[in-house]
Amino acid sequence: MTHQDQTTWHNLSADWINWADRLAPAAGKINRHMIEAADLPALAHARGGADLAVLDLASGVGEPAFTFARALSGQRDVSANTPGITGHVTATDIVPEMCDGLSARAQEDGIANITVMPANMEKLPFDDQSFDVVSCRFGVMFCDDPDLALRESHRVLRAGGRAVFMVWAPLVDNPLFAAMDAVLGNILGIGFDKAGLDPFSFGNVDQSMMRLESAGFRGIHATTHSPAGRIPETVAFWKPQMDMLFGHILRDASDMEMGALNAAMFETLSPYIEDGHFQVPICFHVLSATHA
């Protein structure tokens, strides 16, 4: 990542920590798709029941590292269908403040099988073939050189290991982000492009699978998911994502501007209100592959 990228995420770390606990239940629901794609039972069987080593990249303040750690706790996890599998998670992020928040949350939650350390996914400080699983949720697209990050992920993965990447589908398939981009542009003159963010660069599944193949992966598979929550229309449910992507900008906005932002977001997303609840879909892909 460039210095500018690191500074941006450094400035957003407080926003991520602020929302982490409140977003954990929703995060757990979508993380199960990554757990399933990793196929931990098959990996454990191939390793003769030995502890599995998972490397989570761009962990932010805990997800999906916590979900993997719980799945590897040795206890039966019904939702993940991983009975009795044990292992350890190395959670990494390029922002030290994120790592500090992650460590504190892991301690509070009593998650012992996790190690936290700052690391740049484009230059990982690990030996070749060190991990059984490499995971990354909504992170690789923010790299300065995503293809280098993919090659690094392949390098540190053991033969037969699995990599799992969760990435956003195109903007047109994500009405929350489309509304956010338009509203922020109209009111503050800022959007994804002007903020230097490209969350949707892996939205084209075919192109993304080709990028994984070019990085050395084989057995590449993709699934697309479009869950829609059911949130009371009185809840400004867009605030977490807006804060975690644009919080460093929103902190300088006036009360009048923030009021206008919230009103415009409500109006833009009102077509998704049914029976007094927002039902706005999000759309993402889960890309999985092996190190042959």
Side-chain angles (χ1 to χ4, degrees), residues 26-46 52 54-60 63-65 67-68 71 77 79-82 89 92 121-122 124 131-143 145-178 192 197-229 241 280-292:
K29 290 180 181 179
I30 66 171
N31 288 344
R32 65 184 175 85
H33 298 296
M34 299 188 73
I35 298 291
E36 291 169 358
D39 199 356
L40 300 178
L43 291 174
H45 178 74
L52 296 179
V54 175
L55 172 64
D56 187 51
L57 305 172
S59 301
E63 297 296 348
T67 301
F68 272 101
D77 186 333
S79 64
N81 192 28
T82 54
V89 176
T92 65
M121 71 173 77
E122 297 173 41
L124 293 171
F131 297 94
D132 300 289
V133 176
V134 174
S135 62
C136 184
R137 194 190 78 161
F138 304 134
V140 68
M141 66 284 292
F142 294 118
C143 290
D145 188 343
D147 296 303
L148 176 57
L150 293 178
R151 293 195 297 273
E152 277 290 274
S153 297
H154 181 267
R155 179 183 66 79
V156 302
L157 194 63
R158 289 181 178 133
R162 295 190 65 80
V164 184
F165 300 91
M166 183 176 284
V167 298
W168 290 114
L171 179 64
V172 68
D173 297 322
N174 281 285
L176 171 60
F177 290 120
F192 291 117
L197 299 172
D198 189 5
F200 314 104
S201 60
F202 278 75
N204 185 304
V205 170
D206 291 337
Q207 291 179 4
S208 296
M209 293 175 74
M210 290 176 62
R211 295 175 82 164
L212 286 172
E213 185 176 12
S214 295
F217 291 104
R218 297 295 179 264
I220 303 164
H221 183 68
T223 59
T224 300
H225 308 271
S226 299
Q241 287 292 344
V280 182
I282 61 172
C283 189
F284 56 87
H285 309 307
V286 176
L287 307 170
S288 60
T290 62
H291 184 141

**Report entry** H225, NE2 atom: more than 12 neighbouring heavy atoms under 6.0 Å
**Finding:** yes
Query raised in the report: Do the non-hydrogen side-chain atoms of F165 and L212 ever get within less than 4.5 Å of each other?
Result: yes
Query raised in the report: What is the distance from atom CE of M166 to atom CE of M141, rounded to the nearest 0.5 Å?
Result: 10.0 Å
Query raised in the report: Among side-chain atoms of E63 and T67, is any donor-acceptor pair under 3.5 angstrom?
Result: yes
Query raised in the report: Below 4.5 Å, heavy atoms only, C-beta onward: do L57 and V134 meet side chain to side chain?
Result: yes
Requested in this report: Under the ring pair (Phe, Tyr, Trp, His ring centres under 6.0 Å) rule, what do W168 and F138 come out as? Steps first, then yes or no, please.
Outcome: CA-CA 7 Å; W168 290 114; F138 304 134; 4.0 Å; yes
**Report entry** For S226, side chain to side chain donor-acceptor pair (under 3.5 Å) partners two or more places apart
**Finding:** none
**Report entry** cation_pi(R211, F202) dist<6.0 Å, angle<=45
**Finding:** yes
Query raised in the report: Hey, mind stepping through V164 and V286 against side-chain contact (heavy atoms from CB on, under 4.5 Å) and telling me if it holds?
Result: CA-CA 7 Å; V164 184; V286 176; 3.7 Å; yes
Requested in this report: State, yes or no, whether a side-chain contact exists between S135 and F68 at a heavy-atom distance under 4.5 Å.
Outcome: yes
**Report entry** Partners meeting salt bridge (charged side-chain N to carboxylate O under 4.0 Å, His left out) with R155 (sequence neighbours left out)
**Finding:** D128, E152
Report task. Test side-chain hydrogen bond (donor to acceptor under 3.5 Å, both in side chains) on H221 and T223 and set out the steps. Result -> CA-CA 7 Å; H221 183 68; T223 59; 5.6 Å; no
